[in-house]
Amino acid sequence: TSVWAPYMDMLPEEFRTVPLFFQDEDWAWLEGSLFVRRVRKHRESLEKQYETVAEMVPGFADRFSLEDFLWARTAISSRVFGWSLPGLDREENDFMVPLGDMFNHRSPKQVEWAFNSTSRTLDY
């Protein structure tokens, strides 16, 4: 079992309020909206990403479905933090902070974050 299992178990099993996972009745409310086209283009882009990963990683498509991939991408994009941290390139500054995403839920933000150079941790 992964040390991250307790955190992963707390993530939502589904994202019904995220447009990627809308059902026909949800889309009916948005009929005629330009938003529908944007979501379709976004989904097509994510489908291409899935196909690319499946081509590059042997067994990926056998183990993970497109829906699994969309779930994971949504879990990450809805919880990711981005900071410039010492020793990391700009491309490496997005990451998940277990439990930290629960504190960053409201605007304006109610919690301050700081990188602790001594312990190399994020402190609240």
- [ ] State, with a plain yes or no, whether a side-chain heavy atom of Leu70 is found less than 4.5 Å away from one of Arg43.
- [x] yes
TODO: Determine whether Asp26 and Gln23 make a side-chain contact, defined as any pair of heavy atoms from C-beta on separated by less than 4.5 Å.
DONE: yes
Open item on the list: Is there a path of hydrophobic side-chain contacts, each under 4.5 Å between heavy atoms of I/L/V/M/F/W/Y residues, joining Leu20 to Leu34?
Closed with: no
Task: Contact summary for Phe15 and Ser78, nearest pair of heavy atoms - done: CE2-OG, 4.2 Å
TODO: State, with a plain yes or no, whether a side-chain heavy atom of Trp71 is found less than 4.5 Å away from one of Leu11.
DONE: yes
Open item on the list: If hydrophobic clusters are built by linking Ile, Leu, Val, Met, Phe, Trp and Tyr wherever their side-chain heavy atoms come under 4.5 Å apart, do Trp27 and Leu46 end up in the same one?
Closed with: no
TODO: Could you grab the distance from atom NZ of Lys41 to atom CZ of Arg38, nearest 0.5 Å is fine?
DONE: 9.5 Å
Open item on the list: With rounding to the nearest 0.5 angstrom, report the CG to OH distance, Asp68 to Tyr50.
Closed with: 7.5 Å
Task: Same apolar cluster (I L V M F W Y, side chains within < 4.5 Å links), Phe35/Trp29 - done: no
TODO: For residues Phe69 and Gln49, determine if any side-chain heavy atom of one lies less than 4.5 Å from a side-chain heavy atom of the other.
DONE: yes
Open item on the list: Would you say that Phe21 contacts Thr74 through its side chain, given a criterion of any heavy-atom pair below 4.5 Å between the two side chains?
Closed with: yes
- [ ] State whether the number of non-hydrogen atoms from other residues, nucleotides or ligands found under 6.0 Å of Glu31 atom CD is greater than 12.
- [x] no
Task: Pairwise side-chain contact, Leu30 with Phe22, heavy-atom cut-off 4.5 Å (strictly under) - done: yes
Open item on the list: Within this structure, what is the CD-NE2 distance for the pair Glu44 and His42, rounded to the nearest 0.5 Å?
Closed with: 11.5 Å
Open item on the list: Can you give me the closest heavy-atom contact between Val3 and Pro6, atom names plus distance?
Closed with: O-CD, 3.5 Å
Open item on the list: Just verifying a value: how many Å separate Glu67 CD and Glu14 CD, rounded to the nearest 0.5 Å?
Closed with: 11.0 Å
Open item on the list: Membership question, hydrophobic clusters at under 4.5 Å side-chain separation (ILVMFWY): are Leu66 and Ile76 in the same one?
Closed with: yes
